[in-house]
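Any value given below was found using the heavy atoms of this structure, including those in side chains, with hydrogens, waters and symmetry copies removed. Residue numbers begin at 1 in each chain, while the letters A, B, ... track the order of the sequences.
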Number of protein chains: 2
Amino acid sequence: MKKSVKKSKLSWEEIAEFCETLTEAEDALTREMVSRISDKWSLWTMSVVADIDEPMRFSRIMEHVEGISQKSLTKTLRGLERDGLITRKVFAEVPPRVEYTITALGSEMLDNVAPLWLWTAKSVQRFQACRAAFDDRGVQPARK
Amino acid sequence: MKKSVKKSKLSWEEIAEFCETLTEAEDALTREMVSRISDKWSLWTMSVVADIDEPMRFSRIMEHVEGISQKSLTKTLRGLERDGLITRKVFAEVPPRVEYTITALGSEMLDNVAPLWLWTAKSVQRFQACRAAFDDRGVQPARK
DNA sequence: TTCATTAGTTACCTTTAGGTATGTACGGGA
DNA sequence: TCCCGTACATACCTAAAGGTAACTAATGAA
């Protein structure tokens with residue numbers, strides 16, 4: 001056996017319990033922040049800004065986040081700035097220069113997402129197998 | 001200073017490195033699975049199915065996942081079944097009975113999502129503060 | 001014969017994410 | 001005087017998520 005299957009210390013009941021201490025607005029924001037994790041560009045953008053040591057300019061970020069459009073990058077960066085995950089510094093130059101850096105909150109978030117991402121990546125063949133099996137057998141109809 | 005800023009053991013470079021061993025299809029599926037985590041209903045539905053010990057019927061799930069429509073619940077459950085996160089058992093009865101249970105893979109996923117969710121919930125006031133500050137100061141324009 | 005029950009399915013609509021293509025403001029260099 | 005380079009903003013379009021409301025299939029009960 002590869003490893004013993006251990007019940008996690010952290011149950012969802014515990015989480016639900018904690019979430020009930022939150023206001024409705026806080027609960028909604030929690031969901032919003034979690035969904036930011038899996039929107040198409042936010043996490044990738046953050047990791048690009050975080051991984052490279054020098055402050056990153058708009059155009060350099062766009063080179064690294066392959067496939068993103070200007071519009072989406074602008075929107076993504078604004079959202080990340082608003083939530084305190086990155087900082088945006090404008091220099092009064094021509095042509096304009098804007099530098100982005102990760103914040104402490106941002107890298108804390110990345111640290112918390114990382115294990116989940118890695119687990120998902122390492123489990124991907126299992127998911128593939130389940131999908132293949134499902135697509136083979138089809139859906140069992142609810143009526144005879 | 002509140003706490004020393006510590007580099008996490010699990011860097012994104014490490015993750016990127018691992019992800020490069022994946023095929024393109026596997027990489028795409030990884031992203032898809034991560035985004036499942038934050039779609040509107042999947043995680044909530046999973047946690048409902050997981051937290052209650054008895055197998056759950058369609059209508060009982062719908063009672064617990066407040067606000068979900070029949071259509072969305074059906075779609076969500078199908079997706080979860082396809083990915084091997086829950087099982088669906090149809091009984092040849094009238095009126096129909098269908099029971100859903102969490103799989104080992106499903107609860108493993110929940111276990112991996114839990115810490116992130118809890119961290120997010122516990123950080124929510126910080127996010128709120130950042131947003132408030134941003135909305136106060138407005139966006140710094142890139143040109144003078 | 002008609003009804004109630006369960007787990008859907010289907011048609012239709014609105015909202016949102018995200019793409020492409022184009023416009024813009026500024027000043028330095030040719 | 002006109003073009004270059006940067007970091008956007010804006011208009012327009014498409015696809016997909018997700019909501020509501022109505023329909024369905026089978027059968028035991030009234």
Most 5' of B:P95 and B:V139 on DNA chain D, judged by nearest nucleotide: B:V139
message: By nearest heavy atom, map B:Q70 and A:W41 onto DNA chain C; which one lands nearer the 5' end?
response: B:Q70
task: Could you tell me whether the side chain of A:N112 and the main chain of A:E108 form a donor-acceptor pair under 3.5 Å?
output: yes
In one Ile/Leu/Val/Met/Phe/Trp/Tyr side-chain cluster, 4.5 Å: A:F134, B:M109: no
message: Does A:F91 reach a base, just sugar-phosphate, or nothing at all? Heavy atoms under 4.0 Å.
response: nothing
Neighbour count above 12 (heavy atom, 6.0 Å) for A:D135 CG: yes
query: For D:dG5, does either OP1 or OP2 sit under 4.0 Å from a side-chain N or O belonging to A:S59?
result: no
task: Examine C:dT6: is either OP1 or OP2 under 4.0 Å from a nitrogen or oxygen in the side chain of B:R57? Give yes or no.
output: no
- prompt: What nucleic acid atoms does B:S69 come within less than 4.0 Å of, heavy atoms only: base, sugar-phosphate, or nothing?
  reply: base
- prompt: Where the side chain of B:D39 is concerned, which of D:dG18, D:dA26, C:dG8 is the nearest nucleotide?
  reply: D:dG18
field: Closest to side chain of A:A142, choosing from D:dA17, C:dG8, D:dC8
entry: C:dG8
message: Just N and O in the side chain of A:S72: are any of them under 4.0 Å from OP1 or OP2 of C:dA17?
response: no
- prompt: OP1 or OP2 of D:dA17 less than 4.0 angstrom from a side-chain nitrogen or oxygen of B:K75, does that happen here?
  reply: yes
query: Got a donor-acceptor pair under 3.5 Å from the side chain of B:K71 to the base of D:dG19?
result: yes
field: Sugar-phosphate, base or nothing in reach of A:R88, heavy atoms under 4.0 Å
entry: sugar-phosphate
message: As a test of reading the structure: which of C:dT9, D:dA17, D:dC8 is closest to the side chain of B:T74, going by heavy atoms?
response: C:dT9
query: Does B:Y100 or A:P96 map to a spot on DNA chain C nearer the 5' end, using the closest nucleotide for each?
result: B:Y100
message: By the 4.0 Å heavy-atom rule, please label A:R78 as base, sugar-phosphate, or nothing.
response: sugar-phosphate
- prompt: Taking atom types as modelled, is there a side-chain donor on B:T30 or A:T120 under 3.5 Å from an acceptor on the other?
  reply: no
message: So does B:G106 get a backbone contact from the side chain of B:T103, meaning a donor-acceptor N/O pair under 3.5 Å?
response: yes
